[in-house]
Amino acid sequence: EKGGWPSFMAKEISEEPEAVANTVLGRTRDGQVVIPELEGLDDLFRGISRIVIVGAGTAAYSAFVGKYAIEQWARIPVEVELAHEFRYRSPLVGPDVLVVSISQSGETMDTLMAVKEATRLGAKTLSICNTQGATIPRESDAVVYLHAGPEVAVASTKAFVAQITGLYLFALHLGRVRGTVPAEVQAESIDELNTLPEKIRWILENEQEHIEQLAHWMADTRSVLFLGRHVGYPIALEGALKLKEISYIHAEGFAAGELKHGPIALVEPGLPVFVVVPSPSGAPELHSKVVSNIQEIRARGARVIAIAEAGDAAVLPFADEVLRIPLAEPLFEPILAVVPLHIFAMGLANAKGLDVDQPRNLAKSVTVE
Ligand code: M6R
């Protein structure tokens, strides 16, 4: 039930802090990540040479974020592929590959078919799933459940932050087993994961009204771009997808570095562009690159809405609006940066008087190929 909230989406965004906290709960021991469901699989994890993550829509974007963490911590190559593309291209996977599927519902047919194909080819399969006992986990060799709680709104929000959290826990578990993550990195990462819920709460308490007001002013907007780099890139894709899904506004997400290879031609005076800005202290190189991207689009008249760390003053001269997020290590920033984008998409759909929970043409779980 909505419990007093105007929509399930509003309720589920408000539950993003708990979605992260509950997913981490019970998965750490003595300063290390230990996922109890994966104990006993150490030999498998030491033996694999590659990981392929499959999923669709928002779940696939969480996988793109997860790739950075798994490669950084577990030092193993990761490919991310849309499940429906993987299934029909005769993929090169075998017993040395772990195919990880990610799905909120656990019933997405495209993802299920990819898992079955991976099994047929001799790969081991791991399901990261939010729904207990669903088909995909039942068809997989191993499963890590997310604990975001049931998600009702068609647009996925709290499941997305839980999916990234689950992938990060998996990356740290794998890194521990493979001996690639020093104990202090395990401990620091666990601290980061544990402080994320209160940081998300900070955004909800301090920025939600501002973002909803901004969405209200932008109710007549026809097109919006989203830019990001590194882990901010899949967040830009997620921001664009959410806006398309529930507000029916044309939206595109790009890697900021790709701008001058084409998309900058779209920029005209007044075009709103959301930019996910990396931390100036945590990722100074990326930060300065993104600030120059902002200058490039600003010079062409874009209306820049920056999602930036509290205290980042470098964006102020160039941004029309700044949506603040608390400080976090760069790898953990996506879990914070996506929150304003979820709020914005909901705010805009509300401003247009649309049904945010049941957008046209879409189903909560896509059980046909
Ligand atoms: O249940 P799943 O996570 O497998 O669903 C995958 C996509 O269909 C889903 O994320 C979809 O893109 C959402 N409506 C996005 O908000």
Side-chain angles (χ1 to χ4, degrees), residues 7-13 15-16 19 23 53-66 80-87 99-116 118 125-140 143-167 226 234-249 251-253 334 338-339 341-346 348-349 354-369:
S7 62
F8 280 106
M9 190 176 180
K11 173 172 183 275
E12 288 160 8
I13 290 176
E15 290 167 347
E16 289 189 348
T23 298
I53 316 180
V54 294
T58 283
Y61 298 151
S62 76
F64 279 116
V65 178
V80 175
E81 191 156 4
L82 295 170
H84 34 92
E85 289 294 320
F86 174 88
R87 167 68 182 85
V99 174
V100 176
S101 66
I102 184 128
S103 174
Q104 189 288 126
S105 61
E107 300 295 345
T108 301
M109 186 56 80
D110 288 317
T111 309
L112 175 63
M113 295 312 278
V115 171
K116 287 191 167 172
T125 57
L126 166 70
S127 155
I128 300 184
C129 182
N130 192 43
T131 309
Q132 299 277 334
T135 311
I136 295 171
R138 281 194 277 114
E139 290 286 332
S140 303
V143 52
V144 174
Y145 282 112
L146 304 170
H147 298 296
E151 193 180 64
V152 177
V154 164
S156 185
T157 54
K158 64 175 180 173
F160 180 71
V161 293
Q163 282 163 342
I164 300 177
T165 305
L167 284 161
F226 294 80
I235 297 306
L237 297 176
E238 164 69 0
L241 175 65
K242 217 99 298 176
L243 197 61
K244 289 178 226 189
E245 267 191 306
I246 58 166
S247 70
Y248 317 147
I249 289 178
E252 296 285 342
V338 77
V339 179
L341 299 181
H342 285 165
I343 299 170
F344 178 74
M346 177 178 70
L348 213 141
L354 298 169
D355 180 346
V356 296
D357 289 338
Q358 294 286 343
R360 68 186 181 200
N361 308 342
L362 293 171
K364 179 63 183 159
S365 104
V366 183
T367 52
V368 289
E369 266 190 281

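These numbers come from the heavy atoms of this one structure, side chains and all, not from hydrogens, waters or symmetry mates. Both ligands and their constituent atoms are indexed starting at 1 by order of listing.
Taking every non-hydrogen atom of Thr58 and a distance limit under 4.0 Å, the qualifying atoms of ligand 1 come out as 10 (O), 12 (O), 15 (C), 16 (O). Near Ala155, with a cut-off below 4.0 Å to any heavy atom, the atoms of ligand 1 are 16 (O). Heavy-atom contacts of Gly57 reach the following atoms of ligand 1: 12 (O) (cutoff under 4.0 Å). Atoms of ligand 1 found under 4.0 Å from any heavy atom of Ala59 (numbered from 1 in listed order, with element): 3 (O), 10 (O). Close contacts of ligand 1 with Gln104, meaning ligand atoms under 4.0 Å from a residue heavy atom, involve 1 (O), 2 (P), 3 (O), 4 (O). Atom numbering of ligand 1 starts at 1 in the shown order; those under 4.0 Å from a heavy atom of Glu245 are 13 (C), 14 (N), 15 (C), 16 (O).
Residue contacts with ligand 1: Leu241 is placed with no nitrogen or oxygen under 3.5 Å of a nitrogen or oxygen of the ligand (distance criterion only). Of the polar atoms of Thr108, at least one N or O is found under 3.5 Å from an N or O of ligand 1, judged by distance alone. Looking at Ser365 next to ligand 1, no N or O pair under 3.5 Å apart turns up.
For atom 8 (O) of ligand 1, the closest non-hydrogen atom on the protein side is Val366 CG2, 4.2 Å. Protein heavy atom closest to atom 6 (C) of ligand 1, with residue, atom name and distance, is Ala56 O, 3.3 Å. Scanning the protein for heavy atoms near atom 1 (O) of ligand 1, the closest one is Ser105 OG, 2.7 Å.
Residues satisfying the side chain to side chain contact (heavy atoms under 4.5 Å, CB included) criterion with Ala118, sequence neighbours excluded, are Phe86, Val99, Ala123, Thr125.
Judged by the shortest distance from any of its heavy atoms, Lys242 lies inside the 4.0 Å radius around the atoms of ligand 1. Distances shorter than 4.0 angstrom occur between a heavy atom of Val154 and an atom of ligand 1.
A donor-acceptor distance shorter than 3.5 angstrom exists from the side chain of Lys364 to the backbone of Ala153, with no hydrogens or angles considered. A donor-acceptor pair is defined here as one N or O able to donate and one able to accept, closer than 3.5 Å; no such pair exists between the side chain of Tyr61 and the backbone of Gly239.
Using a 4.5 Å heavy-atom cutoff, the side chains of Ile246 and Leu354 are not in contact. A 4.5 Å side-chain heavy-atom check between His84 and Met113 finds every atom pair outside the cut-off. By the 4.5 Å heavy-atom criterion applied to side chains, Glu139 and Leu112 are counted as neighbours. Within the 4.5 Å cutoff, the side chain of Ser103 has heavy atoms near those of the Thr108 side chain. Two residues are said to be in side-chain contact when any heavy atoms from C-beta on lie closer than 4.5 Å; Val115 and Ser127 fail this criterion.
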Side chains of residues 154-165: which donor-acceptor partners sit under 3.5 Å, not counting sequence neighbours?
from: Ser156; atom 1: OG; to: Glu151; atom 2: OE1; distance (Å): 3.0
from: Ser156; atom 1: OG; to: Glu151; atom 2: OE2; distance (Å): 3.4
from: Lys158; atom 1: NZ; to: Glu15; atom 2: OE1; distance (Å): 2.8
from: Lys158; atom 1: NZ; to: Ala148; atom 2: O; distance (Å): 2.9
from: Lys158; atom 1: NZ; to: Pro150; atom 2: O; distance (Å): 3.0
from: Thr165; atom 1: OG1; to: Val161; atom 2: O; distance (Å): 2.7

